[in-house]
Amino acid sequence: MGLGKNRAIDPNSPFKTGPPGARKIPTPTGRKPSSKSESEALNVSSSKPLPSLTSKHRPKNNCPCNQSLGSWKIDCSKCGQFWHVDCVGLQGLNEKSINSLTQYLCPLCYVSPVPTTETTVDVCHICRNTLSLQHANLTYESSIASENIDSLHQFCALLGSLDINALTKNMDTLSQFDSRLKHLLLKENSLVGLDNEIKTLSNLLAEQKTVTSNNETLSKCISELQDDIKLLHLPSTSQTCSDSSDKFLEDISEKLDRICREEASITTGLEQLRESLEAVQSNHLQQPARPSNVSSHHLHPAPSFPVHPTRLPPSTEPEIPPVPHNQVPVSDTKPEFLEQAEANELKEFLDGSTFNEENGHSVISFGTPYKYNGSKSSSEVPPFPDCLKPLLARINTIQSELYGALYSGQSHLTAPVINSCLINRYVGPDSYLPRHSDSESSIHPESSIFTISLGQSSDIKFTERLSGTESTHTCSDRSLYIMSRRSQEVFDHEMEKGSISEGTRYSLTFRCVGWANKNSTCLIGDSNTRFLKFGSSKRGTFGEQMPGHKFWAPKIEEIDPVSCMGYSNVVLLCGINDIKQSNIRCEKDVTDCFAVLKQKIKQIQMLSPSVKAVYVCPLLPTKDLTLNRKVNDFNKLINFDLIPTCKNVVCVGGFDQFACNRVLADELSMLFDRYGRYDMLHLNRAGARVLAGLIKQSVFLRLHNGVDKRRRTGRVNGRLYSNVVGSRLHPSGLLDGCQV
């Protein structure tokens with residue numbers, strides 16, 4: 001292949017690249033070298049000449065995984081080895097994209113850009129990098145050894161300057177010796193193997209507190225301590241360093257022998273030594289592999305050992321306070337909702353219908369198709385039969401009344417329309433309904449779910465997910481019970497086996513279902529969202545593909561997480577009224593306001609599992625430069641704190657086009673407010689259209705996995721782009737008004 005373009009091979013193609021040749025291969029990680037020469041080539045301390053690492057290569061036209069995967073193959077530009085694109089982390093590449101590559105190096109030929117060691121032997125690239133890393137580690141360990149040797153020199157000089165008689169009389173000097181011994185032990189990584197010996201020594205020293213006459217036991221403990229000290233591993237770079245360290249250890253042993261002979265006058269010192277050893281043991285078990293420098297209370301300053309950088313401990317987030325969801329399993333019931341004649345007509349129709357078997361029951365559906373996990377209903381759903389149309393009209397009337405009571409005073413809102421009916425049939429005591437919730441994104445978030453029971457009565461058990469609280473509702477013949485869509489975020493329901501003793505029960509469930517509900521959006525914002533409207537009418541700014549509802553929240557504290565329940569997307573545009581207050585003076589005050597927003601977002605995610613993403617709008621620029629500094633601080637926290645630390649949180653982009661000369665652009669903002677004062681904050685209708693476009697772009701880009709599927713017609717809201725640009729000229733006549 002050389003450095004030509006890479007080739008893509010269909011997995012089903014019989015294409016061959018020729019007979020495989022011999023090439024050098026590295027030793028795989030986690031496998032023992034297959035030969036002596038291979039092990040010697042990986043040992044940097046070996047002084048023998050290293051043979052070359054050569055062996056017969058695998059067939060190059062087969063991927064090293066030796067599996068038949070249904071993916072394209074790509075060949076290495078250097079060695080010609082073919083690889084599955086899935087095996088080398090290139091999922092998603094097709095034949096065209098593979099053939100467009102000019103050079104590709106496989107994992108065996110690619111060399112990480114690290115300093116390598118020049119070798120006279122023939123080794124592969126991976127082995128050469130291994131030699132370089134081992135050489136660096138050897139240099140690192142040598143520096144530690146030299147520092148340890150200097151520390152031992154100072155320690156032995158200290159012991160040589162002490163007199164044993166003065167040592168027995170002055171226990172402060174013994175404390176200094178204990179601290180120096182503790183310092184020595186703390187500097188050795190080999191204490192991992194001495195934990196059991198230290199425990200035994202501590203127990204024996206505790207017995208010496210009351211029984212001091214047993215000199216043989218004490219001598220034995222001291223000799224074990226001497227043996228343990230001799231076993232301490234001191235890495236060195238030459239034989240001379242090893243001999244000198246042995247000499248120093250012998251001097252330490254002699255000093256300990258002298259202390260052992262003076263047992264009667266050193267009992268108090270041994271008690272302090274025992275406490276020191278216990279402290280060493282506890283500290284050692286809690287210390288990392290490479291301990292940090294000793295504190296400044298030692299006799300001599302400890303040498304500064306080179307340490308690798310470590311990660312800072314993660315900051316502890318404050319606990320999120322629980323949010324009351326204010327939902328009930330059943331919002332309303334009507335015991336005799338159907339007349340007896342109407343119920344008999346429905347039973348006769350259902351007895352002659354064909355049902356599809358599901359898990360523990362059978363189903364049939366009418367109207368708009370309703371899909372859920374484990375759905376067995378047909379994809380071609382018939383329309384509503386005549387016997388169900390009067391019942392559907394009555395239920396839609398109830399739905400309109402419930403929606404009107406929920407949003408009284410907002411006559412411009414349109415109530416959701418019930419358009420789907422799923423009928424479950426339960427026969428005998430073996431039938432049941434598994435535990436679930438109607439939390440599918442295709443259900444309108446502001447609608448209700450209506451269930452009518454026909455035939456035998458049964459009990460429906462409701463379980464709250466967070467607390468596990470259970471409750472039971474009895475469904476009698478011809479009765480109706482209503483559940484809100486929001487309640488499905490916190491409650492599960494089921495019908496257990498044996499709930500029906502005998503006979504047949506029909507459950508007719510009515511829902512408002514639509515494909516556009518998967519894009520349902522909850523917009524919570526301040527006064528800059530007053531021109532944003534949902535709906536497909538001319539005054540709507542989001543269109544029919546993005547249904548939703550707008551909630552008023554002038555300040556961050558007034559964001560209600562309950563209003564987001566049931567929606568797929570949540571958009572937040574709030575915060576300018578918080579930071580413009582006179583008590584917000586510094587960056588810390590802005591951070592406190594941001595912390596409230598972050599807490600609200602986590603409450604929304606905790607309370608609404610159906611929310612796919614929370615879209616946070618940065619604060620809009622204002623016409624006040626002093627206030628804009630607070631705006632910049634708040635927006636920095638959104639980009640560098642909120643987005644990296646919170647999952648499924650997206651920052652709406654493109655807000656820089658609202659600024660002109662570091663303030664809010666005049667062509668996108670109101671000139672005066674309703675009181676005739678100069679408006680510093682609010683957008684006009686043109687600015688609201690730009691804001692709505694940015695929100696839609698962020699929502700649909702995430703929905704389409706980052707692919708922009710907008711049609712490029714050259715028009716903006718039905719007008720030519722050139723006319724839009726001309727209407728948005730600055731009064732000075734210059735584009736965008738950025739020039740002076």
Side-chain angles (χ1 to χ4, degrees), residues 410 412 521-535 539-543 546 548-560 563-564 567 569-581 584 590 593-594 596-597 600-601 604 614-639 642 650-699 717 728:
Q410 303 184 35
H412 63 280
T521 302
C522 171
L523 175 62
I524 303 178
D526 50 23
S527 54
N528 270 325
T529 63
R530 66 185 184 276
F531 293 125
L532 302 181
K533 297 183 182 300
F534 290 94
R539 299 182 63 87
T541 54
F542 291 106
M546 189 175 171
H549 194 85
K550 183 176 64 175
F551 296 91
W552 170 255
K555 292 186 177 182
I556 298 176
E557 192 63 36
E558 300 182 25
I559 295 177
D560 186 12
S563 60
C564 306
Y567 286 90
N569 308 305
V570 176
V571 180
L572 301 179
L573 176 57
C574 192
I576 189 64
N577 293 322
D578 294 87
I579 67 172
K580 76 175 186 179
Q581 302 299 323
I584 308 299
V590 176
C593 296
F594 168 78
V596 179
L597 175 64
K600 288 289 184 179
I601 292 176
I604 291 173
V614 179
Y615 299 87
V616 180
C617 297
L619 297 187
L620 290 165
T622 67
K623 299 177 183 178
D624 185 357
L625 292 178
T626 303
L627 183 57
N628 283 345
R629 285 195 289 268
K630 301 179 185 178
V631 170
N632 292 335
D633 293 338
F634 194 90
N635 292 340
K636 286 180 181 178
L637 292 173
I638 293 178
N639 288 282
L642 180 65
V650 181
C651 180
V652 179
F655 272 55
D656 53 347
Q657 58 184 297
F658 290 102
C660 176
N661 294 330
R662 299 188 299 170
V663 296
L664 183 61
D666 291 337
E667 64 271 18
L668 299 177
S669 61
M670 302 287 292
L671 185 59
F672 300 101
D673 60 10
R674 57 182 177 178
Y675 301 106
R677 298 172 300 187
Y678 187 65
D679 199 325
M680 308 285 288
L681 305 174
H682 299 104
L683 298 174
N684 55 19
R685 293 190 180 275
R689 286 193 294 268
V690 175
L691 177 61
L694 295 177
I695 294 175
K696 288 176 61 178
Q697 180 181 1
S698 297
V699 172
N717 294 333
R728 290 181 57 183

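Just so we're clear, the structure is a prediction, and the values are computed from it rather than from any experiment. Throughout, numbering of the chain's residues begins at 1 and tracks the sequence.
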Any donor-acceptor pair under 3.5 Å from Glu558 side chain to Lys555 backbone | no
Could you tell me whether the side chain of Asn569 reaches within less than 4.5 Å of the side chain of Met546, counting heavy atoms only?
-> no
Which distance, rounded to the nearest 0.5 Å, do you find between the CZ of Arg530 and the CG of Leu532?
-> 10.0 Å
Main-chain N/O of Met670 paired with Asp679 side-chain donor or acceptor, under 3.5 Å = no
Check: Met680 and Leu627 side chains under 4.5 Å, non-hydrogen atoms | no
Hey, is the main chain of Pro554 close enough, under 3.5 Å, to the side chain of Asn577 for a donor-acceptor pair?
-> yes
Nearest-0.5 Å distance, OG1 of residue Thr529 to NE2 of residue His682 = 10.0 Å
Passing candidate, side chain to side chain contact (heavy atoms under 4.5 Å, CB included) with Leu620, options Leu668, Val631, Leu683 = Leu683
Quick one: does Pro618's side chain get under 4.5 Å of Phe634's, heavy atoms only?
-> no
Kindly give the heavy-atom pair with the smallest separation between Gly575 and Asp526, and that separation in Å.
-> N-OD2, 4.4 Å
Report yes if some heavy atom in the side chain of Asp578 is under 4.5 Å from a heavy atom in the side chain of Ile584; otherwise report no.
-> no
Run the side-chain contact (heavy atoms from CB on, under 4.5 Å) check on Val699 and Tyr615 step by step: do they pass?
-> CA-CA 8 Å; Val699 172; Tyr615 299 87; 3.9 Å; yes
How are the rings of Phe542 and Phe534 set to each other: parallel, tilted or perpendicular (split at 30° and 60°)?
-> parallel
For the atom pair SG (Cys593) and CD (Glu557), what is the distance rounded to the nearest 0.5 Å?
-> 10.0 Å
Between Ile579 and Asp633, is any pair of side-chain heavy atoms under 4.5 Å apart?
-> no
Side chain proximity check, Asn635 to Phe655, heavy atoms < 4.5 angstrom = no
Nearest non-hydrogen partners of Ser698 and Gly653, listed with the distance = OG-N, 3.9 Å
How far does CZ of Arg629 sit from CG of Asp624, to the nearest 0.5 angstrom?
-> 8.5 Å
Between Ile556 and Cys574, which heavy-atom pair has the shortest distance, and what is it?
-> N-SG, 3.4 Å
In this structure, OG of Ser527 is separated from CG of Leu573 (nearest 0.5 Å) by 9.0 Å
Using atom types as modelled and distance alone, determine if a side-chain donor or acceptor of Asn628 lies under 3.5 Å from a backbone N or O of Arg662.
-> yes
Minimum heavy-atom distance Tyr678-Asp666, with the two atoms named | OH-OD1, 4.4 Å
Indicate the atoms forming the closest heavy-atom contact of Leu637 with Val590, along with that distance.
-> CD1-O, 4.3 Å
With the side chain counted from C-beta on, respond yes when Lys580 and Leu681 share a heavy-atom pair under 4.5 Å apart, and no when they do not.
-> yes
Could you go step by step and tell me if Lys623 and Ser669 meet the side chain to side chain donor-acceptor pair (under 3.5 Å) rule?
-> CA-CA 10 Å; Lys623 299 177 183 178; Ser669 61; 3.2 Å; yes
Determine the minimum heavy-atom distance between Phe531 and Ala688, stating which atoms define it.
-> CB-CB, 3.5 Å
Taking side chain as C-beta onward, heavy atoms only, is Phe658 less than 4.5 Å from Leu664?
-> yes
